[in-house]
Amino acid sequence: EPEVTQTPSHQVTQMGQEVILRCVPISNHLYFYWYRQILGQKVEFLVSFYNNEISEKSEIFDDQFSVERPDGSNFTLKIRSTKLEDSAMYFCASSVQTTGELFFGEGSRLTVL
Amino acid sequence: DAKTTQPPSMDCAEGRAANLPCNHSTISGNEYVYWYRQIHSQGPQYIIHGLKNNETNEMASLIITEDRKSSTLILPHATLRDTAVYYCIVRAQEAGNMLTFGGGTRLMVKP
């Protein structure tokens with residue numbers, strides 16, 4: 001069964017460092033998303049991406065965050081200068097359409113020290 | 001999006017049906033009810049969605065009341081692997097997949 005894959009599964013970084021989280025969405029999907037979940041808290045929407053541009057973003061997705069689809073398969077989330085409060089599980093997701101089923105990856109755990 | 005209310009936790013015996021309620025009394029006519037679940041700290045998993053008719057798939061059944069103010073997700077024969085947090089989300093179809101997750105219901109399936 002096709003799945004969304006994410007790397008790395010866990011990254012530890014120092015505050016202020018740049019981090020790139022990578023995702024390979026399901027191959028025929030056109031819409032891509034990042035969500036995050038701080039430990040013990042709710043899953044929160046960050047950004048949606050379609051046709052090489054951001055379609056929607058939340059208040060969390062500030063200037064420190066960026067997304068990119070550098071080639072035909074990868075979808076990345078960059079955090080320019082990490083803060084302690086960026087520590088969370090980051091989930092990539094993809095879908096065929098803007099509606100219906102959203103497929104999530106297993107997540108990348110980011111720990112900022 | 002309409003707000004949803006779910007009980008924070010429920011228990012169910014293995015092999016029995018698990019019935020998870022959700023209240024969405026302010027739901028609008030164009031809003032769908034979606035159910036996702038999250039097993040431990042894995043990525044959320046889509047279960048089912050519906051507008052006003054009852055829906056069934058290989059995982060579960062969704063029963064929506066006639067006034068659409070509440071719904072019930074039914075796992076017909078719960079297994080230990082169904083232990084998870086279950087999220088009821090209301091979303092307009094044209095509003096896309098910017099899902100708002102609440103606290104959900106933590107379902108514990110016990111042997």
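Side chains are part of it too, since the values below use all heavy atoms of this structure and drop only hydrogens, waters and symmetry mates. Naming: A, B, ... by sequence-line order, numbering from 1 per chain.
- Atom CD of A:E59 is surrounded by 12 or fewer heavy atoms from other residues, nucleotides or ligands within 6.0 Å.
- Taking CE of B:M98 as the reference point, atom OG of A:S58 lies at 7.5 Å (rounded to 0.5 Å).
- Proximity to chain B is absent for every atom of A:S48, based on heavy atoms less than 4.5 angstrom apart.
- Under the 4.5 Å side-chain heavy-atom criterion for ILVMFWY residues, no single connected hydrophobic cluster contains both A:V47 and B:I89.
- With values rounded to the nearest 0.5 angstrom, B:Q38 atom CD is found 8.5 Å from A:F104 atom CZ.
- Of residues 42-50 of chain B, those residues with a non-hydrogen atom less than 4.5 Å from any non-hydrogen atom of chain A are, in numerical order, B:Q42, B:G43, B:P44, B:Y46, B:H49.
- Here OH of B:Y36 is found 4.5 Å from CG of A:L102. Values are rounded to the nearest 0.5 Å.
- Taking 4.5 Å as the heavy-atom cut-off, none of the residues of residues 54-81 of chain B approach chain A.
- Proximity to chain B among residues 36-45 of chain A is limited to A:Q37, A:K42, A:V43, A:F45, judged by heavy-atom separations below 4.5 angstrom.
- The cluster map of Ile, Leu, Val, Met, Phe, Trp and Tyr, joined by side-chain heavy atoms under 4.5 Å apart, puts A:F75 and A:L21 in the same cluster.
- Through direct or indirect side-chain contacts shorter than 4.5 Å among Ile, Leu, Val, Met, Phe, Trp and Tyr, A:V96 is connected to no other residue.
- Of the listed residues (A:R109, A:M89, A:E101, A:K57), the one with the most heavy-atom contacts under 4.5 Å to chain B is A:E101.
- Looking at A:E56, only its side chain comes within 4.5 Å of chain B, counting heavy atoms on both sides.
- B:V85 and B:M108 fall into different hydrophobic clusters, where Ile, Leu, Val, Met, Phe, Trp and Tyr are joined by side-chain heavy atoms under 4.5 Å apart, directly or via other members.
- The contact between B:Y87 and chain A is made entirely by side chain atoms (from C-beta outward), counting heavy-atom distances below 4.5 Å.
- A single hydrophobic cluster is not seen to contain both A:F49 and A:Y31; linkage of ILVMFWY side chains at heavy-atom distances under 4.5 Å, directly or through other members, places them apart.
- Hydrophobic clustering (side-chain heavy atoms under 4.5 Å, transitive across Ile, Leu, Val, Met, Phe, Trp, Tyr) keeps A:L110 apart from A:L113.
- The backbone N or O of B:L99 lies less than 3.5 Å from a partner atom in the side chain of A:Y35, making a donor-acceptor pair.
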